[in-house]
Amino acid sequence: MTTLAIDNIGQLVTNDPSLGEGPLGIVRDAALVIDGNRIAAVESAGAQADARIDAAGRAVIPGFVDSHTHLVFAGDRADEFAARMAGERYAAGGIRVTTDATRAASTEELTQLTERRRREGIRAGITHVEIKSGYGLETDSEARSCEVAARFTDDVTFLGAHVVPAEYQDRPDDYVWLVTGDMLAACAPYSKWIDVFCEEGAFDAEQSRAVLEAGAAAGLGLRVHANQLGEGPGVQLAVEMGAASADHCTYLSDADIEALAGGDTVATFLPATDFSTREQYPDGRRAIDAGVSVALATNTNPGSSYTTSMSFCIALAVRDMRMTADEALQAATLGGARALRRDDIGHLSPGARADVAILDAPSHAHLVYRPGVPLIAATITAGELAWSDPDSRLGHSP
Ligand code: NIG
């Protein structure tokens, strides 16, 4: 196997406290040695290998793990965004607009759109994504979305219970019957997870429980869209049912915090959504101080968060959720991996998948300090250089 050394790293974040300073396991003047698709070693600068990238003093971090995205969709909702900026409130019903466009798109078109968004994420340092269905809302269309998603990741989530489609508006329980029956059977072969939007305007606690129970019976892991637009039953349902993640968590009661801190469900914050919907930001500090395990994700989707920038999410988490730069970086890497119940990504310990981002900056704090500036000099996925910024002039040999 050919080895690659990323050498002359000014600040290496490993997320492995046994390798370096503090919870981020920071090593200075380091080299990261990659063997095939795995991390082989963390060494001092000057390491020997078959090939070499000269980081020239830059910071290197684990690639971002984006544990909540909806990349498979067609259409555009810029008008809805503009209306929100003019004072309208975000509502779950907008999902149906994207459903019409997604149903009408060809499979080839959906695949190309998804690929383009995935490429955008790679340029933004995202080395692993979870991808949800949820804009088909009929059996064939949902199965097609799951199948397209599976071309890009092994963390596919079936989200037939995103919203009740227009044709079932007056009989939502019949739609839940479809989701938990034929639709689940068609989507499960492509999926690892099942998710439900437990919120006013989408699915209530009883319907959400039925969806999660059916998914668990089909062998899928559980995720829940919870407490996005107000306090509600979603978070406690997620914890009670052992979901890997409760996502959004914008509105958390004391009882929600207590449940999260006492369970093994990760609270996944999606602050780009709260930016785009003009909701309040979640109180990340309060959750962390109470002992809640947290993640940050982009929630890339056309309605509430049309961004693939994890750096933007990190900046919001620090500026508006009272998280430190260290906590936010860890939530966007190791936190995302925990939300997906994976231990092979999100850190740079020997044996981990070689998913790495090289920053065009001397420290990870620049992700917050220089908001809106694209600071990813190169992205390496499973040991392969997936993208590098020609302007960063990274030295590469041979
Ligand atoms: O996570 N909240 C539910 N689903 C998406 C939004 C989908 C949409 O508006 O199209 C979310 O924010």
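All values derive from a computational prediction rather than experimental measurement. Just so it is clear, the values below take in all heavy atoms, side chains as well, and ignore hydrogens, waters and symmetry mates. Atoms within a ligand are numbered from 1 in the order they appear, just like the ligands themselves.
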Any side-chain donor-acceptor pair under 3.5 Å between [X] and [Y]?
X	Y	answer
Thr139	Asp182	no
Tyr251	Glu279	yes
Asp360	His366	no

So which heavy atom on Asp16 is nearest to which on Ser349, and how close? OD2-OG, 2.9 Å

Can you pull the ring-ring contact (aromatic ring centres under 6.0 Å, His included) pairs that have at least one residue in residues 29-48, sequence neighbours excluded?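 Sorted result for residues 29-48: empty, none.
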
Below 4.0 Å from ligand 1: does a non-hydrogen atom of Thr98 turn up there or not? no

Hey, is Phe73 one of the residues with a heavy atom under 4.0 angstrom from ligand 1? no

Show the atoms of ligand 1 that are less than 4.0 angstrom away from any heavy atom in [X].
X	answer
His225	1 (O), 2 (N), 3 (C), 4 (N)
His68	1 (O)
His70	1 (O), 4 (N), 5 (C), 11 (C)

Flag Thr273 as yes when one of its N or O atoms lies below 3.5 Å from any N or O atom of ligand 1, and as no otherwise. no

Looking only at protein heavy atoms, which one is nearest to [atom], and what is the separation?
atom	answer
atom 12 (O) of ligand 1	Ser304 OG, 2.6 Å
atom 4 (N) of ligand 1	His162 NE2, 2.7 Å
atom 1 (O) of ligand 1	His248 NE2, 2.9 Å
atom 11 (C) of ligand 1	Asn299 ND2, 3.2 Å
atom 2 (N) of ligand 1	Gln228 OE1, 2.7 Å
atom 7 (C) of ligand 1	Tyr135 OH, 3.1 Å
atom 6 (C) of ligand 1	Tyr90 OH, 3.2 Å

Mode of Glu199 contact toward ligand 1 - side chain, backbone, both, neither (heavy atoms, under 4.0 Å):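 None of Glu199 does.
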
In terms of the angle between their ring planes, are His225 and His162 parallel, tilted or perpendicular, with boundaries placed at 30° and 60°? tilted

When Trp193 is tested against each of Leu222, Val156, Leu220, Leu340 for side chain to side chain contact (heavy atoms under 4.5 Å, CB included), which residue passes?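 Among Leu222, Val156, Leu220, Leu340, the one meeting side chain to side chain contact (heavy atoms under 4.5 Å, CB included) with Trp193 is Leu340.
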
Find out whether the Lys NZ or Arg CZ of Arg84 is both under 6.0 angstrom from the six-membered ring centre of Phe81 and within 45° of the ring's axis. no

Is it the case that Arg319 places NZ or CZ above or below the six-membered ring of Tyr281, under 6.0 angstrom from the centre and within 45 degrees of the axis?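 The answer is no, since Arg319 fails at least one limit relative to Tyr281.
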
